Protein chains: 2
Amino acid sequence: MEARRDVFQAIADPTRRAIIGMIAKEPVNVNTIAEQFEVSRQAVSLHLKILSECGLLNIKQSGRERLCEAKLEKLNEVHEWVEQYHKLWKGRLNALKQFVEQEEIQAKHMNSDKKEY
Amino acid sequence: MEARRDVFQAIADPTRRAIIGMIAKEPVNVNTIAEQFEVSRQAVSLHLKILSECGLLNIKQSGRERLCEAKLEKLNEVHEWVEQYHKLWKGRLNALKQFVEQEEIQAKHMNSDKKEY
DNA sequence: ATATTATGCAAGTATTTGCTTGCAAATATA
DNA sequence: TATATTTGCAAGCAAATACTTGCATAATAT
């Protein structure tokens with residue numbers, strides 16, 4: 001059970017995204033995280049391991065507990081990848097918007113200037 | 001070969017991300033896409049099917065060819081998910097930056113006012 | 001010291017992935 | 001019409017995933 005291990009792969013799983021959501025604000029220990037999910041503690045533990053292996057999670061030992069802390073900066077890779085396309089599609093939407101507005105203006109002129117039919 | 005089919009899952013695969021990159025600017029037909037990759041046409045075809053099933057891709061039949069067009073807006077789901085954490089980590093970085101600057105100012109005062117060392 | 005708590009590690013399994021090869025169907029071209 | 005081109009569909013397979021249960025270990029609490 002080990003192979004490609006990157007951020008994109010890591011966040012593909014809904015449980016792992018939920019885990020990130022849980023620990024984004026402040027570190028939480030393993031059992032507390034596990035209790036929130038239907039699946040077994042072992043399953044959650046594996047998810048934590050995966051998150052940790054790809055750098056999205058930092059585990060700090062504190063006595064017999066382990067605090068899991070999110071390293072959100074690691075999401076930057078995803079952020080940048082999506083952002084390039086976000087710019088593209090936003091740009092297209094804006095172009096479309098302007099086109100529609102232009103049409104509206106022209107339509108008004110058609111009405112007021114020429115008073116057709 | 002069918003189960004969870006969402007955008008996060010779709011972009012988890014590097015080949016599929018590359019395909020999106022290829023067709024982001026303009027539609028491309030299946031074979032042209034397949035030629036760009038080491039894997040077989042069938043493998044690429046399957047990736048296209050997955051991208052299409054989760055709405056990231058639109059296929060337009062044109063004679064015997066099929067043009068694959070990216071529907072980048074579908075990435076919005078990912079964009080929004082990442083963006084919430086992006087704000088969080090950027091906020092923290094800024095807070096840290098301000099803290100450091102504050103320290104620098106105080107250090108200067110220490111130097112000029114008290115001449116300690 | 002003993003029981004309890006918080007976790008990890010290992011073995012085993014069902015499902016999903018990612019690929020490949022071979023064959024069929026539809027459209028275009030000579 | 002015969003042939004080439006562009007794809008899809010299906011069967012088969014190895015590797016990866018996501019889980020589970022059971023057992024081991026280390027730190028606390030009693």
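The sequence lines fix the lettering, A, B, ..., with proteins before strands; numbering per chain opens at 1. This is a predicted model, so every value here is computed, not measured.
To the nearest 0.5 Å, atom CD of residue B/Gln9 and atom CD of residue A/Gln9 are 7.0 Å apart. With rounding to the nearest 0.5 angstrom, the NZ atom of B/Lys74 is 12.5 Å from the CG atom of B/Leu57. Considering CG of B/Leu48 and CD of B/Gln42, their distance stands at 11.0 Å, rounded to 0.5 Å.
Note: B/His86 and A/His79 have parallel aromatic rings, judged against thresholds of 30 and 60 degrees for the angle between ring planes. Ring geometry, A/Phe8 versus A/Trp81: the interplanar angle exceeds 60°, so the pair is classed perpendicular (tilted spans 30 to 60°).
Looking only at distances, no side-chain donor or acceptor of B/Arg16 sits under 3.5 Å from a matching main-chain atom of B/Ile11. Within the 3.5 Å criterion, the main-chain N or O of A/Ile105 finds no donor-acceptor partner in the side chain of A/Glu103. Between the A/Ser40 side chain and the A/Ala43 main chain, a donor and an acceptor come within less than 3.5 Å of each other. A donor-acceptor contact shorter than 3.5 Å links the side chain of B/Gln61 to the backbone of B/Gly63.
In this structure, B/His47 does not reach the C/dT17 phosphate: none of its side-chain N or O atoms is under 4.0 Å from OP1 or OP2.
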Letter by letter from the 5' end, nucleotides 23-30 of chain C scores (B base, S sugar-phosphate only, - none; protein heavy atoms under 4.0 Å) ----BS--

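Counting to the nearest Å, the C1' atom of C/dT20 and the CZ atom of B/Phe37 are 18 Å from each other. A/Asp13 has its CG atom 17 Å from the P atom of D/dA16, to the nearest Å. When the C1' atom of D/dT5 is taken as reference, atom CZ of B/Arg66 falls 14 Å away, rounded to whole Å. In this structure, A/Glu53 places its CD atom 14 Å from C1' of C/dC9, rounding to the nearest Å. Residue B/Lys60 contributes atom NZ, which lies 19 Å from atom P of D/dT6 at whole-angstrom precision. Put simply, CG on B/Leu48 is 8 Å from P on D/dG8, counting in whole angstrom units. In this structure, the CG atom of A/Leu57 is 12 Å from the P atom of C/dT7, given to the nearest Å. In this structure, the NZ atom of A/Lys49 is 6 Å from the P atom of C/dC9, given to the nearest Å.
Comparing the end axes of the helix from C/dA1-D/dT30 to C/dA30-D/dT1, each fitted to five base pairs by superposing C1' atoms of four pairs onto the next four, gives an inter-axis angle of 20° (nearest 10 degrees).
Residue A/Ile59 is the one, among A/Ile59 and B/Ser40, whose nearest nucleotide of DNA chain C lies closer to the 5' end (criterion: closest heavy atom).
Within a heavy-atom distance below 4.0 Å of DNA chain D, the residues of residues 15-36 of chain B found are B/Asn29, B/Val30, B/Asn31.
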Trace of the side chain to side chain contact (heavy atoms under 4.5 Å, CB included) decision for B/Ile20 with B/Leu72
CA-CA 8 Å; B/Ile20 292 174; B/Leu72 299 176; 4.1 Å; yes

